[in-house]
Amino acid sequence: MASAFGARLRRLREVRKLTLQQVADAVGCTKAYIWELEMKDGQRPSAERIQAIAKVLGVTMEDVMGTPMEQAPDASPEDVAFFREYAGMTEEEKKNYQDVLKMMFSRKEKDGD
C-alpha cells in the first residue's frame with residue numbers, strides 16, 4: 001500500500017505527465033526505485049534524492065514531502081507549488097496573471113447569465 005508520500009509523489013509526477021522512467025532517468029536511479037517510492041510504504045529516500053525529484057517535478061522539497069503551508073493546511077501539493085511560483089513572480093508578471101484570470105472568470109459570469 002502506498003504511503004501519503006508515495007501517493008503525493010505519484011500525483012505530482014502524473015500531473016506533469018512524466019513516466020516512471022523519465023523521472024528515474026532525470027534523477028539518476030532506476031524505474032523500480034521510483035515505483036517503490038510511490039507504491040511501497042516505509043520508503044526513506046535521502047534528502048539529495050528528494051531534492052532531485054522535486055527539481056524534476058518543478059516543485060519544492062516541501063511539496064514532495066507534504067509539509068503543509070500553515071496558512072492553507074488543506075492545500076494540495078499542486079496548489080502550494082502554484083502559489084510558490086506565483087510568489088516568485090515580479091509585480092508586473094503578477095498583474096498580467098491577475099488580468100488574464102479576471103478576463104477568464106468575467107466571461108464565465110457573462111456566459112452564465
Side-chain angles (χ1 to χ4, degrees):
M1 174 176 238
S3 64
F5 165 76
R8 191 172 33 261
L9 178 58
R10 183 175 183 172
R11 187 171 67 228
L12 288 168
R13 179 181 61 78
E14 289 176 345
V15 162
R16 279 139 191 94
K17 297 181 176 24
L18 294 173
T19 65
L20 290 167
Q21 190 65 58
Q22 288 170 319
V23 173
D25 290 346
V27 170
C29 63
T30 65
K31 175 180 166 182
Y33 179 75
I34 300 298
W35 181 87
E36 286 178 2
L37 289 178
E38 290 185 3
M39 303 306 291
K40 289 188 175 181
D41 214 1
Q43 299 299 305
R44 300 180 60 84
S46 68
E48 292 81 13
R49 189 72 72 187
I50 296 290
Q51 185 175 25
I53 291 169
K55 183 176 180 182
V56 169
L57 298 177
V59 297
T60 66
M61 289 177 66
E62 292 83 6
D63 297 330
V64 175
M65 295 306 298
T67 307
M69 291 178 56
E70 290 179 22
Q71 298 86 354
D74 296 329
S76 71
E78 294 86 356
D79 293 338
V80 173
F82 172 82
F83 177 75
R84 286 196 174 117
E85 182 177 333
Y86 177 83
M89 292 179 181
T90 66
E91 290 305 313
E92 183 179 348
E93 289 170 329
K94 287 179 183 179
K95 183 180 179 329
N96 290 340
Y97 212 97
Q98 292 167 2
D99 291 345
V100 169
L101 289 173
K102 285 177 189 173
M103 284 178 24
M104 287 174 54
F105 288 107
S106 67
R107 283 190 184 147
K108 275 188 172 183
E109 290 172 5
K110 289 177 185 175
D111 292 343
D113 290 339

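Within a 6.0 Å radius of CZ in Arg10, other residues, nucleotides and ligands contribute 12 heavy atoms or fewer. Taking a 6.0 Å sphere around CD of Glu36, one finds it holds more than 12 heavy atoms contributed by other residues, nucleotides or ligands.
Residues passing the side chain to side chain contact (heavy atoms under 4.5 Å, CB included) test with Glu48 are Ser46, sequence neighbours excluded.
For the atom pair CH2 of Trp35 and CD of Gln43, the computed distance is 9.5 Å after rounding to the nearest 0.5 Å. Here the CE atom belonging to Met65 is positioned 11.0 Å from the OG1 atom belonging to Thr60, to the nearest 0.5 angstrom. With rounding to the nearest 0.5 angstrom, the NZ atom of Lys55 is 15.5 Å from the CD1 atom of Ile50. The OG1 atom of Thr30 lies 10.0 Å from the CG atom of Leu20; values are rounded to the nearest 0.5 Å.
In this structure, the side chains of Leu37 and Ile53 come closer than 4.5 Å at one or more pairs of heavy atoms.
The two residues Ala24 and Lys31 come nearest to each other via the heavy atoms CB-N, 3.5 Å. Across all non-hydrogen atoms, the minimal contact from Ser106 to Met103 is OG-O, 3.1 Å. The shortest heavy-atom contact between Leu18 and Arg13 is O-NH1, 2.8 Å. The nearest pair of heavy atoms linking Cys29 to Arg49 is CB-NH1, 3.4 Å. Shown here for Val64 and Arg8, the closest heavy-atom pair between the two residues is O-NE, 2.9 Å.
Between Glu91 and Lys94 a salt bridge is recorded (basic side-chain N to carboxylate O distance below 4.0 Å).
The only member of Glu93, Glu92, Gln98 that meets side-chain contact (heavy atoms from CB on, under 4.5 Å) when paired with Asn96 is Glu92.
No continuous path of ILVMFWY side-chain contacts below 4.5 Å connects Val15 to Leu57, so the two sit in separate hydrophobic clusters.
In this structure a side-chain-to-backbone donor-acceptor pair under 3.5 Å is missing from Asp25 to Gln22.
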